[in-house]
Amino acid sequence: MSPVASKGVVMDGAVAVAAVAAAVLLCLHLPAVARGQLQVGFYNTSCPNAESLVRQAVASAFANDSGIAAGLIRLLFHDCFVRGCDASVLLTSANNTAERDAPPNNPSLHGFQVIDAAKAAVEQSCPQTVSCADIVAFAARDSINLTGNLPYQVPSGRRDGNVSLDTEANSNLPAPTFNASQLVASFAAKNLTDEEMVILSGAHTVGRSFCTSFLARIYNGSTPIVDSGLSAGYATLLRALCPSNANSSTPTTTVIDPSTPAVLDNNYYKLLPLNLGLFFSDNQLRVNSTLNASVNSFAANETLWKEKFVAAMVKMGNIQVLTGTQGQIRLNCSIVNNGSSSVGIQQMTVPNSYSGATASLDDEIATS
């Protein structure tokens with residue numbers, strides 16, 4: 001398979017940055033109620049170096065492993081889609097029944113150690129002030145800038161939740177096996193449009209995936225199969241990489257974008273018409289005429305996609321946020337504060353009906 005290396009025409013850097021800034025400012029000028037009472041510069045007085053400390057922690061981790069950026073972007077997706085952006089994805093459970101233990105997150109979700117490092121730095125500077133939920137949002141923003149040279153502002157003021165259930169991760173996270181209707185419905189449930197679903201799917205341009213997320217596209221049991229939406233040459237390469245009996249314990253991964261896997265660009269959309277979308281869900285954006293119109297638009301105009309991507313990320317970061325006196329400011333991002341009067345992590349098991357896929361739509365924006 002010859003990787004697709006072509007690039008669309010890129011606007012002058014100053015013009016592109018100005019356009020992105022305008023898009024984000026438009027989103028930020030929504031009424032406060034529409035934005036969940038979040039605001040840019042929430043910590044300007046209480047902890048003025050909060051965002052810079054998070055940025056330093058992300059940059060340090062990125063210098064050692066560039067793949068961590070994709071993991072941190074995905075961490076925000078998986079947090080916001082379950083109980084809203086409340087850092088519930090960071091909580092641990094003695095019985096391994098928290099969100100992070102669910103098949104869509106385990107073992108593929110990562111970046112926890114970066115959030116912990118950022119939290120430690122922030123706590124040392126401003127004790128009991130900055131929420132883990134805001135740190136996750138800042139870390140995702142910084143990762144987008146590192147991989148896509150795309151700076152933007154993130155409204156903050158989120159509070160941390162104190163409930164984390166594996167079953168809710170299973171039922172809320174869109175799977176890589178979803179068809180177009182399921183994808184649209186999953187995002188609509190979070191007040192995100194079908195276009196915003198296509199926009200956010202573009203994050204697949206960075207990161208890696210485990211074999212189990214696309215195994216059904218290349219094998220029926222142990223027999224190789226032909227998926228009409230997957231290039232035959234690409235399928236052959238994937239079968240050489242992944243055995244037919246791969247499972248959640250198989251450590252093998254592959255890049256999602258075989259051409260520019262470490263760069264946040266619009267190459268994802270250019271790969272789809274060539275049948276080089278790794279997941280079944282990726283191909284659904286191409287075969288659905290309405291969704292494909294957005295795919296073609298973003299493939300032709302990277303600046304347009306980046307403008308809309310940061311606006312969609314800001315909107316997603318407002319899903320069901322806790323603010324004011326709701327929730328808490330965790331001292332340790334993986335543990336509910338001692339003495340909390342709120343309900344802690346409930347102990348529930350993964351339902352037998354779950355498909356067993358180890359990835360969700362943004363799968364695995366990823367692993368390293």
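- Here the rule is side chain to side chain contact (heavy atoms under 4.5 Å, CB included) with E99, and of N170, L173, L90, V82 only V82 fits it.
- With hydrogens and angles ignored, the 3.5 Å screen pairs a side-chain donor or acceptor of E196 with a backbone N or O of T193.
- Using modelled atom types, one finds no donor on one side chain facing an acceptor on the other under 3.5 Å when comparing N266 with K306.
- One distance of note links OG of S131 with CD of Q128; it measures 13.5 Å at 0.5 Å rounding.
- No hydrogens or angles considered: nothing links the side chains of D101 and N106 as a donor-acceptor pair under 3.5 Å.
- In this structure, the side chain of N288 does not engage the main chain of A180 through any donor-acceptor pair within 3.5 Å.
- Side-chain contact between L76 and C80 is present, with at least one heavy-atom pair separated by less than 4.5 Å.
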- Can L109 and V89 be said to form a side chain to side chain contact (heavy atoms under 4.5 Å, CB included), step by step? CA-CA 10 Å; L109 200 64; V89 73; 3.5 Å; yes
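- The closest side-chain heavy-atom distance from Q284 to L291 is not below 4.5 Å.
- Residues F187 and F81 bring their aromatic ring centres within 6.0 Å.
- If you check the side chains of N332 and S334, you find a donor sitting under 3.5 Å from an acceptor.
- Between the side chains of D282 and H204, at least one donor N or O lies within less than 3.5 Å of an accepting N or O.
- Pairing each heavy atom of Y219 with each of G221, the nearest pair is CB-O, 3.5 Å.
- Transitive grouping of hydrophobic side chains (ILVMFWY, heavy atoms separated by less than 4.5 Å) keeps I218 and F280 in distinct clusters.
- Applying the side chain to side chain contact (heavy atoms under 4.5 Å, CB included) rule to R159 yields the partners L322, I329; only residues at least two apart in sequence or on another chain are considered.
- In this structure a side-chain-to-backbone donor-acceptor pair under 3.5 Å is present from S171 to T167.
- Annotation: side chain of F178 is in contact with side chain of S186 (closest heavy-atom distance under 4.5 Å).
- Remark: the backbone N or O of L150 is paired with a side-chain donor or acceptor of N145 at under 3.5 angstrom.
- For D265 and T260, the side-chain atoms include at least one donor-acceptor pair closer than 3.5 Å.
- E195 has a carboxylate O that lies under 4.0 Å from a charged side-chain N of K308, or vice versa, which qualifies the two as a salt bridge.
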Compile the donor-acceptor pairs under 3.5 Å between side chains in residues 112-120 and protein atoms, sequence neighbours left out, one pair per line.
from, atom 1, to, atom 2, distance (Å)
K119, NZ, E123, OE2, 2.9
K119, NZ, V130, O, 2.8
K119, NZ, R330, O, 2.7

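- A heavy-atom distance below 4.5 Å is not found between the side chains of S231 and L274.
- A donor-acceptor distance shorter than 3.5 angstrom exists from the side chain of N172 to the backbone of E168, with no hydrogens or angles considered.
- Side-chain contact, D86 with S88: a donor N or O sits under 3.5 Å from an acceptor N or O.
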- Message: Evaluate L215 against C242 for side chain to side chain contact (heavy atoms under 4.5 Å, CB included), listing each step before the verdict.
- Response: CA-CA 8 Å; L215 205 65; C242 299; 4.2 Å; yes
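- Put simply, CG on N283 and CG on D227 are 6.5 Å apart, with the number rounded to the nearest 0.5 Å.
- In this structure, P174 and L183 approach most closely via the heavy-atom pair CB-CD2, 4.4 Å.
- Connection of F279 to V255 is not established within any shared hydrophobic cluster, with ILVMFWY side chains joined at heavy-atom distances below 4.5 Å, either directly or through further cluster members.
- The local environment of CG in N191 is sparse, with at most 12 non-hydrogen atoms from other residues, nucleotides or ligands closer than 6.0 Å.
- With a 4.5 Å cut-off on side-chain heavy atoms, V314 and P155 count as touching.
- Expressed to the nearest 0.5 Å, how far CZ of F138 lies from OG of S143 amounts to 13.5 Å.
- Considering only heavy atoms from C-beta on, V54 comes within 4.5 Å of V122 through its side chain.
- Closest approach of L91 to R100, counting heavy atoms only: O-CD, 3.0 Å.
- A distance-only check finds no donor-acceptor pair linking the side chain of S66 to the backbone of F62 [under 3.5 Å].
- Each of L331 and V336 belongs to its own hydrophobic cluster when Ile, Leu, Val, Met, Phe, Trp and Tyr are linked at side-chain heavy-atom distances under 4.5 angstrom.
- Using modelled atom types and a 3.5 Å distance limit, the side chains of D134 and Y43 yield a donor-acceptor pair.
- Within the model, atoms CG of D142 and OH of Y152 stand 8.5 Å from one another, a figure rounded to the nearest 0.5 Å.
- Between the side chain of N220 and the backbone N or O of T223 there is no donor-acceptor pair closer than 3.5 Å.
- The distance from the CG atom of L192 to the CE atom of M197 is 10.5 Å, given to the nearest 0.5 Å.
- A donor-acceptor distance shorter than 3.5 angstrom exists from the side chain of R217 to the backbone of L278, with no hydrogens or angles considered.
- Annotation for L38 and G157: closest pair CD2-C, 3.6 Å, computed over non-hydrogen atoms.
- Proximity of I144 to I73: side-chain heavy atoms (C-beta onward) are separated by under 4.5 Å at one or more points.
- The backbone N or O of G202 sits nowhere less than 3.5 Å from a side-chain atom of T205 that would complete a donor-acceptor pair.
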- Message: Show, in sequence, the C-alpha distance, side-chain angles and deciding distance for T253 and S108, and conclude whether the side chain to side chain contact (heavy atoms under 4.5 Å, CB included) test is met.
- Response: CA-CA 10 Å; T253 64; S108 58; over 6 Å; no
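- Of all heavy-atom pairs spanning T147 and A69, the tightest one is CG2-CB, 3.6 Å.
- Side-chain contact between S248 and F210 is absent, with no heavy atoms from C-beta onward closer than 4.5 Å.
- The CZ atom of R158 sits 10.5 Å away from the OG1 atom of T323 when rounded to the nearest 0.5 Å.
- When all heavy atoms are compared, the tightest approach of S294 to V198 is CB-CG1, 4.0 Å.
- Of the possible polar contacts, none joining the R286 side chain to the L271 backbone as a donor-acceptor pair under 3.5 Å is found.
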- Hey, mind stepping through T177 and S281 against side chain to side chain contact (heavy atoms under 4.5 Å, CB included) and telling me if it holds? CA-CA 6 Å; T177 55; S281 58; over 6 Å; no
